[in-house]
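Read the structure below first, then the notes.
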Protein chains: 2
Amino acid sequence: MSYTYEYPRVALTVDGVVFGLDGGELKVLLIERGIAPFKGQWALPGGFVHENETLEAAVARELEEEAGLHGVFLEQLYTFGAVRRDPRERIVSVAYYALVNLADHTTRAATDAADARWFPAARPPGLAFDHAEILTMALQRLRGKLRYEPVGFELLPEKFTLTQLQQLYESVLGVPLDKRNFRKKVLGFDLLIPLEETFRDGPHRPAQLFRFDPARYEQLKQEGFHFEL
Amino acid sequence: MSYTYEYPRVALTVDGVVFGLDGGELKVLLIERGIAPFKGQWALPGGFVHENETLEAAVARELEEEAGLHGVFLEQLYTFGAVRRDPRERIVSVAYYALVNLADHTTRAATDAADARWFPAARPPGLAFDHAEILTMALQRLRGKLRYEPVGFELLPEKFTLTQLQQLYESVLGVPLDKRNFRKKVLGFDLLIPLEETFRDGPHRPAQLFRFDPARYEQLKQEGFHFEL
DNA sequence: TTGACAAAGTGTAAAAATGACACTAAATAC
DNA sequence: GTATTTAGTGTCATTTTTACACTTTGTCAA
């Protein structure tokens with residue numbers, strides 16, 4: 001089967017930068033390439049856009065196929081269109097970034113037949129194509145998003161402690177934060193619901209568990225509220 | 001001549017949302033469509049991406065061809081990939097927004113043979129395809145950019161007064177700003193160079209002219225400075 | 001059982017940033 | 001020379017941000 005057009009067409013792909021948080025460290029999901037070019041090197045999961053799916057659906061499908069991930073938070077990052085970014089032919093790629101809660105998703109990705117692994121996002125191995133550039137941009141974007149929108153919760157389990165939340169911010173933004181000021185600010189937003197449960201983890205006082213209240217956030221946003229950490 | 005591929009390929013275009021400032025009002029450049037679909041309606045300038053040009057080069061070329069614009073500030077906005085956004089076939093479009101100084105560029109665009117005109121960005125005519133959605137997103141992005149990065153100068157002549165700058169912010173952000181506080185803050189950044197010249201405009205005290213110092217901005221950015229208005 | 005340990009949790013005061021506010025200065029036109 | 005119009009300037013109250021140290025509550029081991 002072949003497809004013919006009156007004018008040449010550039011090929012269109014999507015790539016996904018999937019972030020996860022593992023023990024306070026930000027990780028990125030990479031796939032080992034099985035074919036040339038860059039055979040054996042690590043790359044972002046991705047692939048061609050089908051004719052009847054949206055861009056976001058294409059990324060979601062690729063993440064499912066290549067890493068067994070589904071239902072993750074996805075947002076468009078940037079479209080990369082350098083002429084020689086793929087050595088074979090002209091390929092333009094729409095990059096998305098994804099945030100997953102590693103606790104829920106780690107198993108399937110780690111045990112998938114295709115070699116998919118989590119690497120420290122700040123020190124990835126050598127990457128195929130222009131994927132290092134894509135990753136760098138995704139990291140910058142994540143930092144920005146984290147500051148100005150409450151997306152960090154996507155990286156945490158549904159129930160989390162304030163310490164976990166703070167560590168997430170410290171780890172992604174790369175700056176230490178004051179415990180009291182952090183808690184004061186975060187709780188002041190009125191976006192976290194304290195649960196009845198506590199989290200026990202070692203020989204010390206257990207921590208209060210919270211969950212994020214997305215409905216409340218939508219409501220506040222309507223009222224002109226502007227999240228900023 | 002025809003081009004054949006093993007798999008179907010979606011078509012890839014670029015669109016440009018060109019903003020200009022006219023007498024304190026934000027305008028957007030639109031092109032009247034000469035062919036179906038949406039013949040006679042207004043649309044964003046744009047067109048197909050050639051095989052040997054980057055996305056940004058494609059927008060720049062289209063803006064030159066369709067509106068006689070060149071050398072404008074361009075930044076990628078978003079890539080629109082809804083399956084039915086074009087009634088003819090599947091077309092994915094990478095949208096850019098552009099900022100131009102109308103004083104320099106207005107003539108050519110207004111007198112071009114193809115019908116290209118400036119419309120109030122906040123009250124555009126009915127637009128072809130999903131271009132209303134693209135314009136809306138561009139406006140949101142412009143507001144965000146204006147707040148957090150000094151891009152507003154792209155919309156003004158090289159030499160401008162603080163009143164012009166303030167009116168630009170008020171007009172785009174849609175809020176009145178206090179004259180003294182605005183000047184205090186803007187001048188405090190140390191990014192504006194006062195010129196020897198003044199601007200005479202009517203029977204009143206003439207205004208000091210300034211120009212933006214991009215080199216200084218780059219230097220401050222290195223040092224961790226963060227523009228915010 | 002009790003004492004050592006470890007992380008959770010909590011308030012205040014100084015400093016900085018923001019926001020509100022009204023008059024004088026300099027040019028033109030009549 | 002006087003009326004008109006926009007440019008240009010400083011202070012104080014309020015809010016926000018930052019710096020900082022001790023008590024609580026659980027586990028574990030002696």
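Labels below follow one simple rule: chain letters A, B, ... track the order of the sequence lines, proteins then strands, and each chain is numbered from 1.
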In whole angstrom, what separates A/Phe182's CZ from C/dG11's P? 18 Å
A/Gln166 CD to C/dA8 P, straight-line distance once rounded to whole Å: 9 Å
So, A/Tyr97 and A/Glu75: side-chain donor and acceptor under 3.5 Å apart, yes or no? yes
Answer yes or no: is there an ion pair linking B/Glu228 with B/Arg147, defined by an N-O contact shorter than 4.0 Å? no
Categorize A/Thr198 for me: base, sugar-phosphate, or nothing, with a 4.0 angstrom heavy-atom threshold over every strand shown. nothing
Just the rounded figure in Å: distance from C1' of D/dT6 to CD of B/Gln208. 15 Å
Tell me: CD of A/Glu197 to P of C/dA8, nearest whole Å? 17 Å
Whole-Å distance, B/Phe210 CZ to D/dA7 P, equals 12 Å
Indicate yes or no for a side-chain donor-acceptor contact from B/Glu62 to the backbone of B/Val59 under 3.5 Å, with no hydrogens or angles considered. no
So if I define the base as every atom that isn't primed, P, OP1 or OP2, how would nucleotides 13-23 of chain D read as a B/S/- string at a heavy-atom cutoff under 4.0 Å? -----BBBB--
Distance check: side-chain N/O of B/Arg183 vs OP1/OP2 of D/dG8, anything under 4.0 Å? yes
Within a strict 4.5 Å, meaning less than it, do heavy atoms of the A/Phe80 and A/Val92 side chains meet? no
Spell out, as yes or no, whether a donor-acceptor pair under 3.5 Å connects the side chain of B/Arg33 to the backbone of B/Ala128. no
Whole-Å gap separating P (C/dT28) and CZ (B/Phe199): 13 Å
Output the single nucleotide from D/dT27, C/dA7, C/dA27 whose closest atom is nearest the side chain of B/His204. C/dA27
Gap between atoms CG and C1', on A/Asp201 and C/dC5 respectively (whole Å): 14 Å
Inspect the contact between B/Asp115 and B/Arg117 and indicate whether a charged nitrogen and a carboxylate oxygen are less than 4.0 angstrom apart. yes
With a 4.5 Å limit on heavy-atom distance, are the side chains of A/Trp118 and A/Leu102 in contact? yes
Have a look at B/Thr163 and say if it touches a base, only the backbone sugar-phosphate, or nothing, with a 4.0 Å heavy-atom cut-off. sugar-phosphate
Please report the distance, rounded to the nearest Å, between CG in B/Leu187 and C1' in D/dG8. 11 Å
